[in-house]
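Below is one structure, written out as structure tokens; comments come after it.
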Amino acid sequence: MLFGSLAGCAPDMRCVKALQLTLAVVKPDAVAHPLILEALHQKILQNFLIVRKKDLMWRTEESERFYAEHAGRFFYQRLVEFMSSGPMRAYVLAREDAITHWRGMMGPTKVFRARFTAPDSLRGQYGLTDTRNTTHGSDSVQSAKREIAFFFPEFNADEWMLREEPRFRLGLTEYNEERQIHTLQDM
Ligand code: UDP
Ligand code: MG
């Protein structure tokens, strides 16, 4: 299942398993188009609880540091320049199996493959090229931890898991239209 209700959760979003956090980024190619950005936000809302959201722009150094694992690859320079070419939007998202679910929604890295093998995926629908491919998503628990800290240094994921996850899991949240994130209901 690609989009739809939260797997393992009741319709009111009450979940049994612990929630997992992941980092999702809307890349500059998609942020440049307000209607695409809004469509992505709505798809995220249908699939995740939004724990944090931030609009930002990178300098070249941040782009290089974030993608250091790809240094030396043929596309590295192009990637680094693209990711610091315009505004981005980053999210900390929560649900069961958040990492795998978001990667599944994104579709394959290469846009031309995505268009053929996963036409309904985000990259299949909105991706422009192998570099300008709409979104980023963490690919493991370790990278989610590192990448969330990279984008949201002020956010303490361990603390959130301890103090807020139980109530998020029980569905004791509300969507704050102004901040465009989910917050805990007043007790
Ligand atoms: N990329 C590219 N050309 C390639 C492979 C990757 O420009 O042939 C870019 C693309 O923007 C991709 C990013 O480098 O999202 C990171 O690559 P990775 O293999 O980690 O793909 P992802 O995890 O984003 O699917
Ligand atoms: Mg990757």
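Remember, it's 1-based here, ligands and their atoms both numbered in the order they're listed. Quick note: numbers below take in every heavy atom, side chains included, and nothing from hydrogens, waters or symmetry partners.
Across all their heavy atoms, Gln125 and Lys43 have their closest contact at OE1-NZ, 2.7 Å.
Ligand 1 lies under 4.0 Å from heavy atoms of Lys27, Tyr67, His70, Phe74, Phe75, Leu79, Arg103, Thr109, Lys110, Arg123, Asp130, Thr131, Asn133.
Counting non-hydrogen atoms of neighbouring residues, nucleotides and ligands closer than 6.0 angstrom, the CZ atom of Arg179 reaches no more than 12 such neighbours.
A tilted orientation is assigned to the rings of Trp160 and Phe155, their planes being inclined by 30° to 60°. Aromatic ring pairs are classed by plane angle as parallel below 30°, tilted from 30° to 60° and perpendicular above 60°; the pair Tyr175 and His41 is tilted. Using the six-membered ring where Trp is involved, Phe48 and Trp102 have ring planes that are perpendicular, over 60° apart on the 30 and 60° scheme.
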Using residues 26-39 as the side-chain source, report each donor-acceptor pair under 3.5 Å to any protein atom, sequence neighbours left out, with the distance given to one decimal.
from, atom 1, to, atom 2, distance (Å)
Lys27, NZ, Asn133, OD1, 2.8
Asp29, OD1, Thr134, N, 3.4
Asp29, OD2, Thr134, N, 3.1
Glu38, OE2, Gln42, NE2, 2.8

